[in-house]
Every structure is written in C-alpha cells, then in structure tokens.
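Please read the structure below before turning to the comments.
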Amino acid sequence: MSKIRHTGLVTNNLKKSLEFWTKYLKFKISKEMDEKGCLIDKVMQYNNARVKTYKLSDQNKNLLEILYFKNRPKIKLNKIKPYTNGFTHISLTIKDLKKLYIFLKKKKIKFNSEPMKSLDGKVLMTYCVTPEGAFLELVQELKK
C-alpha cells in the first residue's frame, strides 16, 4: 500500500454537509460528479443508483468524499457509537482546538465532551458529530 486515498461519508443533507466541511473546517471542493451506471450499481450493491459525489481536499491534500444518493432506498439506519465494531471515526489535527470548539458549538455542532487533555498529556482532543451522523475526532498536539 502506498497511502490511504480518501474517506467516504454518505449524507442525506448535502447542503449541511458541504457547509460543515468547507465553511467550518476549510476543505475545498476539488471534484464534483454525478455518478450512475453499472459500475456504481455493482460497487454500491444498489440497482439504478444515482449518486452525487464531492471530493474535498484540505491544505495537506487529504481527501474526503461526500456521497449523496439522489434516490436512496428507505432503510433503517444503524446508529454508530464510538465503540461500534468497524470504522467509527476519522481524526483531524487542529492548530487551535479550543477556538474551533467554541466556533462549532455556536454553529450547533454536537460534541461528546469539551476538549480534554489526553492521559499522556500530549494532545487536547474531543469528538463531535458530523452532519452525516459520523464521529469526527479533533486533536491538537501540545508542545512539551
């Protein structure tokens, strides 16, 4: 393996998701596509899928893919918890976590806790809930 290519997040509110990732966390839209056809149907295991995708990149060229199913089937959604099996969150390194925390709280973003120092004292960290219902770990590395 040479690198992780991107992380994908499915949303049911495209406007809220794009606002969160681009306006609040400063990702830039690098590619926008309407996807359909045999490949998408097979990969998504969903016939006649119609997906709007946005590739977002940060200043370090990390990629995030937001997927919006225009014709999403009605399914019971599983509630992900920080202790659920499988992938549970992504983590971003932040320069000033307290400042971002205050900003996001004003924007009504939900947090599991206020920023707290890790047990080893090396980072300040917290989790918030993204508009997609996923967990996002925000970490500020502390200088010793």
Taking atom [atom1] of [X] and atom [atom2] of [Y], what is their separation to the nearest 0.5 Å?
X: Lys55; Y: Ile66; atom1: NZ; atom2: CD1; answer: 11.0 Å
X: Thr93; Y: Met125; atom1: OG1; atom2: CE; answer: 11.5 Å
X: Asn62; Y: Leu64; atom1: CG; atom2: CG; answer: 9.5 Å
X: Asp34; Y: Ile40; atom1: CG; atom2: CD1; answer: 11.0 Å
X: Leu124; Y: Glu114; atom1: CG; atom2: CD; answer: 9.5 Å
X: Glu137; Y: Cys128; atom1: CD; atom2: SG; answer: 10.5 Å

Is a side-chain N or O of [X] found less than 3.5 angstrom from the main chain of [Y], in a donor-acceptor match?
X: Ser57; Y: Lys61; answer: no
X: Gln140; Y: Ile94; answer: no
X: Asp58; Y: Asn60; answer: yes
X: Thr126; Y: Ser113; answer: yes

With clusters defined by side-chain heavy atoms of hydrophobic residues (ILVMFWY) lying less than 4.5 Å apart, directly or transitively, does [Y] cluster with [X]?
X: Met33; Y: Tyr68; result: no
X: Leu9; Y: Val51; result: no
X: Leu136; Y: Leu67; result: no
X: Val43; Y: Val10; result: no
X: Met116; Y: Leu92; result: no

Non-hydrogen atoms of [X] and [Y] that approach each other most closely:
X: Asn71; Y: Arg50; value: OD1-N, 3.0 Å
X: Leu104; Y: Phe20; value: CD2-CE1, 4.3 Å
X: Leu100; Y: Tyr24; value: CD1-O, 4.1 Å
X: Leu63; Y: Ser30; value: CD2-OG, 4.2 Å
X: Lys105; Y: Ile109; value: CD-O, 4.0 Å
X: Val123; Y: Leu142; value: C-CD1, 3.8 Å

Test Lys107 against Phe103 for side-chain contact (heavy atoms from CB on, under 4.5 Å), laying out the working first.
CA-CA 7 Å; Lys107 299 296 183 181; Phe103 173 76; 3.7 Å; yes
Lys36 with Asp41: basic N within carboxylate O range, under 4.0 Å
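Looking at Lys36 and Asp41, the cut-off is not met.
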Does the side chain of [X] reach to within under 4.5 Å of the side chain of [Y], using non-hydrogen atoms?
X: Met44; Y: Phe69; answer: yes
X: Leu14; Y: Lys16; answer: no
X: Leu97; Y: Val139; answer: no

Will you find, in the side chains of Thr53 and Glu35, an N or O donor that is under 3.5 Å from an N or O acceptor?
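Thr53 vs Glu35: donor-acceptor pair found between side chains.
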Testing the 3.5 Å rule here: is there a donor-acceptor pair between the side chains of Asn13 and Thr11?
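Short answer, no.
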Hey, what's the ring geometry for Phe135 with Tyr127, parallel, tilted or perpendicular (30° and 60° as the breaks)?
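Ring orientation, 0 to 90° scale: tilted.
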Got more than 12 heavy atoms from elsewhere within 6.0 Å of CD, Glu19?
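Yes, enclosed.
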